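Below is one structure, written out as structure tokens; comments come after it.
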Number of protein chains: 2
Amino acid sequence: MVLADSGGIESLSMRKLAGELGIEAMSLYHHVKSKEDILDGMVDIVFGEMELPSPGEAWKTAMRRRAESTRAVLARHPWAIAILDSRTTPGPATLRYSDTVIGYLRAAGFSIPMAAHALSILDSYVRGFAMQEASLPLDPSGSIQAATESILEQQPMMSNAFPHLGAMAAELILKPGYAYGNEFQFGLGLILDGLERALATENGPQRGDAPAEGGAGSQSAAS
Amino acid sequence: MVLADSGGIESLSMRKLAGELGIEAMSLYHHVKSKEDILDGMVDIVFGEMELPSPGEAWKTAMRRRAESTRAVLARHPWAIAILDSRTTPGPATLRYSDTVIGYLRAAGFSIPMAAHALSILDSYVRGFAMQEASLPLDPSGSIQAATESILEQQPMMSNAFPHLGAMAAELILKPGYAYGNEFQFGLGLILDGLERALATENGPQRGDAPAEGGAGSQSAAS
DNA sequence: ACCTGAACACCGTTCAAGT
DNA sequence: ACCTGAACACCGTTCAAGT
């Protein structure tokens, strides 16, 4: 049921979906309550496709794998990115996914507030990156040459009016080796390193005082 | 023109927009080429509302202000979040915005690849967070109590089937003081600290060797 | 130049009617 | 129980026709 339209585009309509199923028109309403129902189910299937951490792994590699798997799944189902969190009635796969990840972090030594911090930053980053990546006009090779060049040509005063943008395009983005997708690893590594540091500070602050270190782990220390 | 519908919901249609303008129907097509044109213009206005860093500031506070401003603007225009990057013809405010931020980072000592890294991680995080925040069923106070409780009640076996999710809800999210919005600061601080560290490593690697430190600043060192 | 009604090809959804 | 045609209230867009 999902396969048909994730392959296709976001032009999924009740009439087309019915057509795809041999069924003729709007007898879909005997099996689902509304189109929202169908989207709920599709989102739950997407969550079901994401890799879950397995108990043995070190938390950094587990979270790295989870992030990469999420990114891959969302690249396969770009329509899901904008919808993932907005469903008000999470399905069983969604609940199971969240529960497993939280349990995994707790077992790895994260307090509840720290686990919430980790989930928030990792999921925000991964979903945000997936969104930007999905909206890139890439050719199959993963480069953005064509589109960037067309923008540059559209406005030949680019290099005058927007010199820094022009320089970044010329000296980085348009270079043969560059692919935006590679930026993912840098950010993910930075975040995981930061979490490791925050975790160490929380669990054993080497120097006994340090009342509230700036930036990480400050608020919501309640409970 | 934008004001009317950003106040309202995403139920913006050509007919309603025309109605709002006294104009009667589809004479809008004499002023714009298509609805896509209108969306392009609206997105450019949204970029125009975002605070730009001013040359004097330290880069960390400048980037923090930029992130907070972006989050505030996107909270004001939730419909824009999913559309921001997907416009293929960026408007003048969009180009000016990007150019200024890149120029600012360059002046603060970021190399071009490092500036690209910083832009990618900061924008992914901020947009991703804005997305998650926008999809939260918040009451005006900023708490998620009502919605979370209704989910918990919907499935009373929660605490059995999903114990860790239940624990996080009971011991953190449902506590009076908790507001998801506060998670923003933790992640932002973590990322800015990580960028500072990556920048220091790039500019002056204290210990002369260290061929490729894990995680940050590895690939795309070309040019 | 600017606006307009009618029309086209679509939507999600309801509802009485068929088997 | 399951499906269906017709209908309702919408979409974005085109186009010939008005002033």
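Treat the numbers as computed from the prediction; the structure is a model and nothing was measured. Lettering of chains follows the sequences in order, A, B, ..., and the numbering in each one begins at 1. Computed from heavy atoms alone, side chains included, the values below leave out hydrogens, waters and symmetry copies.
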Notebook entry, point to check: Would you call A:K35 and A:D40 a salt bridge, using N to O less than 4.0 angstrom?
Noted result: no

Next item on the list: Could you check whether the rings of A:F110 and A:W59 sit parallel, tilted or perpendicular, using 30° and 60° as the cut-offs?
Entry: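 Perpendicular: the ring planes of A:F110 and A:W59 meet at over 60°.
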
Kindly say whether [Y] contributes a backbone atom to a donor-acceptor pair with the side chain of [X] at under 3.5 angstrom?
{"X": "A:S124", "Y": "A:S120", "value": "yes"}
{"X": "B:T100", "Y": "B:R96", "value": "yes"}
{"X": "A:T70", "Y": "A:R66", "value": "yes"}

Checklist line | DNA chain D stem ranges, 3 or more consecutive Watson-Crick or G-U pairs under 3.5 angstrom | finding: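 Detected stem regions: C:4-8 with D:12-16, C:12-16 with D:4-8.
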
Notebook entry, point to check: Where along nucleotides 6-19 of chain D does protein come under 4.0 Å, by heavy atom, of base (B) or sugar-phosphate alone (S), with - for untouched nucleotides?
Noted result: -B---BBBB-----

Next item on the list: Look at the side-chain N and O atoms of A:H31 and state whether any lies under 4.0 Å from the OP1 or OP2 oxygen of D:dA1.
Entry: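 For A:H31, the contact criterion (side-chain N or O under 4.0 Å from OP1 or OP2 of D:dA1) is not met.
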
Next item on the list: Measure from CG on B:L21 to P on C:dC2 and round the result to the nearest Å.
Entry: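 That distance rounds to 15 Å.
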
Note to self: What verdict does the side-chain contact (heavy atoms from CB on, under 4.5 Å) test give for A:R76 and A:E49, after you've listed the backbone C-alpha separation in whole Å, the side-chain angles of each residue and the deciding distance to 0.1 Å?
What the structure shows: CA-CA 10 Å; A:R76 213 151 57 221; A:E49 289 181 13; 3.2 Å; yes

Note to self: Tell me whether the NZ or CZ atom of A:R71 lies within the 45° cone about the ring axis of A:F184 and under 6.0 Å from its centre.
What the structure shows: yes

Next item on the list: With sequence neighbours left out, write down each residue that passes side-chain contact (heavy atoms from CB on, under 4.5 Å) with B:A18, or none if nothing qualifies.
Entry: B:I23, B:L28

